[in-house]
Trainee: 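My questions will all concern the structure given below.
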Number of protein chains: 2
Amino acid sequence: MRLRKKNNDDSEAASGSSGGPRDERKLRTRRALMDAALELIQGERSFSSISLREVAKVAGVVPAAFYRHFSGMEDLGLALVDDSFRTLHTMMREARSAPLPPSNLIANSVATFLKYTQDHRPHFEFIAKERYSGSSAVRLAIRREIRLWTSELAADLAPFPKLKSFNGDDLRMMAGLVVNTVIAATELILDVDTKDTAEVARIHRNAEKQIMLIFLGAAAWKSQA
Amino acid sequence: MRLRKKNNDDSEAASGSSGGPRDERKLRTRRALMDAALELIQGERSFSSISLREVAKVAGVVPAAFYRHFSGMEDLGLALVDDSFRTLHTMMREARSAPLPPSNLIANSVATFLKYTQDHRPHFEFIAKERYSGSSAVRLAIRREIRLWTSELAADLAPFPKLKSFNGDDLRMMAGLVVNTVIAATELILDVDTKDTAEVARIHRNAEKQIMLIFLGAAAWKSQA
DNA sequence: TTTTTCAGTGAACACTTGTTGACTTATTTG
DNA sequence: CAAATAAGTCAACAAGTGTTCACTGAAAAA
């Protein structure tokens, strides 16, 4: 109990600190479990309706082995939230480091984002499905991440000259509106047949227009009115 | 098979056509099953994670009796979608028949709507949870209803003088934005402790501002730009 | 080399699950 | 009144559930 390290929760192997063949193997299985869950989520089923045993089976592992990595399904769910939003933050970092030209900025940003969600479908499908129907811990984690994302966007928006008249609260309010709109479009696209490019394009255009409408309103906004 | 009426799906009793003691009883049990499902949904669980047997138990009925009313859980889910949106349409009809004064119209509408969602929490919680995580049939049904709702709102919005410059498509686009915003606020409120009036008020104000921002943009909008 | 650690195994457990078929019993129908 | 209808009951089923425990065997530590 003192010097023993039980290490039931991957706290070490998850970060791949030492990197021996054993840690690597553990990491692989952990990923296999997470990927298995994401795979089972695709289409009809939701995370709360899949079983620990199914996840283990798809991951090619006996059910008991699951517990070497997660304390239960809820734990797995939280890990998937982290995983999914890491994906999102990576994208936003890339976007900032290679900024788009100011002309057609909105249309390009929307296109970039929606393209990204389609390329990482499993993660975003997981988020969309668990956002409201998951356990309260998972829901809370997702809401926290979205709030964070909203704040990031607000910070990115602040320098724009047209948004001078916004105070901090109202800027977050506006960013929240943009995030909501983008999320709604994402969720629609996820529910559409990938090959139905016409419908996907329609959703794109709609989201673009909606965000343009928001910015049009922003140009006329006066905080503390 | 010809003159026999098996009546496995409540098609008659659901509408309560004849109204005898038997039909009334059947209707009561049907409602009990639906209410049981809504009750089980409250809080942690989601519709896809509750079982037919649990629903039957809460409804005070043996599992086999469930099949006298619904062919399975998915069928129950579709019935709940209908039920929930009937609630919503009732509200919108009431709102139109007793129109609010034009001053503070937005703030009043938002307040009315959000109040309503809190008074019919189970229905709206069901919709929020199943919108993305339910079976495809249920998701489709919900999306269809939301689209309908959006069109209704667009029709209500059309007469406004400030929205002269909108064509039909763009009007639906704007209505969609408003609906999304209201839904997002609703979903946030449902996830907040009912007694946390400060947080509820914060969400109210935020939604109001967001919709005002949209209308501000609308006043500057030119369709087919 | 010997010992320790630990991811993964296999079997067993006590339950819950959806669905079935034959039944009872009150209402409806003729 | 007697016959038919059908909502609800009861018991049984095969299959799947989460969790446990003693185990094996390869990698890590000594």
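Residue numbers begin at 1 in each chain, while the letters A, B, ... track the order of the sequences.
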Trainee: Closest-nucleotide mapping onto DNA chain D: is B/Arg22 or B/Thr29 further toward the 5' terminus? I mean the 5' end.
Mentor: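 Its nucleotide being nearer the 5' end, the pick is B/Arg22.
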
Trainee: From CZ of B/Arg45 over to P of C/dT16, roughly how many Å is that when rounded to an integer?
Mentor: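 Rounded to the whole Å, the gap is 12 Å.
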
Trainee: Can a donor-acceptor pair be found between the side chains of B/Ser46 and A/Ser48 at a distance below 3.5 Å?
Mentor: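 Checked: B/Ser46/A/Ser48 side chains pair up, N/O donor to acceptor below 3.5 Å.
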
Trainee: Look at the side chain of A/Lys26 and decide which nucleotide, out of D/dA7, C/dA7, D/dT9, has an atom nearest to it.
Mentor: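 Nearest to the side chain of A/Lys26 among the choices is C/dA7.
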
Trainee: Nearest-nucleotide wise, let me know which of B/Leu52 and A/Pro63 is further upstream toward the 5' end of DNA chain C.
Mentor: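 With A/Pro63 and B/Leu52 compared, the 5'-side residue is A/Pro63.
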
Trainee: Classify the side chain of A/Arg68 versus the base of C/dG8 as yes if they form a donor-acceptor pair under 3.5 Å and no if they do not.
Mentor: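 Side chain to base: pair found, below 3.5 Å.
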
Trainee: If I take atom CD in residue B/Glu24 and atom C1' in nucleotide C/dT28, what distance separates them, rounded to the nearest angstrom?
Mentor: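 To the nearest whole Å, that distance equals 15 Å.
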
Trainee: Go through the steps to decide whether A/Ser133 and B/Glu130 satisfy the test side-chain hydrogen bond (donor to acceptor under 3.5 Å, both in side chains), and finish with yes or no.
Mentor: CA-CA 7 Å; A/Ser133 81; B/Glu130 291 313 297; over 6 Å; no

Trainee: Ignoring the backbone of A/Glu54, work out which of D/dT17, D/dT9, C/dG8 is nearest its side chain.
Mentor: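 The nucleotide sitting nearest to the side chain is D/dT17.
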
Trainee: Measure from OH on B/Tyr67 to P on C/dG21 and round the result to the nearest Å.
Mentor: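 Rounding to the nearest Å, OH of B/Tyr67 and P of C/dG21 are 12 Å apart.
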
Trainee: Atom CZ of A/Phe66 to atom P of D/dT20: distance rounded to whole Å?
Mentor: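 So the CZ-P distance, A/Phe66 to D/dT20, works out to 13 Å.
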
Trainee: Looking only at the side chain of A/Arg53 (C-beta and beyond, no hydrogens), which of the listed nucleotides D/dG18, C/dT19, D/dA27 gets closest?
Mentor: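 Of all the options, the side chain of A/Arg53 is nearest to D/dG18.
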
Trainee: Can a donor-acceptor pair under 3.5 Å be found between the side-chain atoms of B/Arg25 and the base atoms of C/dT27?
Mentor: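 No pair found.
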
Trainee: Can you measure B/Arg30 atom CZ to D/dG8 atom C1' for me and round it to whole angstrom units?
Mentor: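 Rounding to the nearest Å, CZ of B/Arg30 and C1' of D/dG8 are 17 Å apart.
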
Trainee: C/dT17 P sits how many Å from A/Ile50 CD1, rounded?
Mentor: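 Spelled out: CD1 on A/Ile50 to P on C/dT17 is 18 Å.
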
Trainee: Where do B/Ala175 and B/Leu153 come nearest, in terms of heavy atoms and distance?
Mentor: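 What the structure gives for the nearest pair is O-CD2, 3.8 Å.
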
Trainee: Pick base, sugar-phosphate or nothing for B/Val61, based on heavy-atom distances below 4.0 Å to the nucleic acid.
Mentor: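 The answer is sugar-phosphate, as B/Val61 gets under 4.0 Å only of primed atoms, P, OP1 or OP2.
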
Trainee: Could you tell me how far apart B/Asp23 (CG) and C/dT27 (P) are, to the nearest whole angstrom?
Mentor: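 Nearest whole value for this atom pair: 13 Å.
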
Trainee: Nearest-Å distance, CZ (B/Arg28) to C1' (C/dA26)?
Mentor: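 Checked: the CZ to C1' distance equals 13 Å.
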
Trainee: Is A/Glu199 salt-bridged to A/Arg202, going by a charged N under 4.0 Å from an acidic O?
Mentor: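 A/Arg202 and A/Glu199: salt-bridged.
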
Trainee: What pair of heavy atoms forms the shortest contact from A/Leu33 to A/Ala59, and how long is it?
Mentor: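 Looking at all heavy atoms of both residues, the closest pair is CD2-CB, 3.7 Å.
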
Trainee: Map B/Ser51 and B/Pro21 onto DNA chain C by nearest heavy atom, then report which one ends up closer to the 5' terminus.
Mentor: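 Nearest-nucleotide comparison on DNA chain C picks B/Ser51.
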
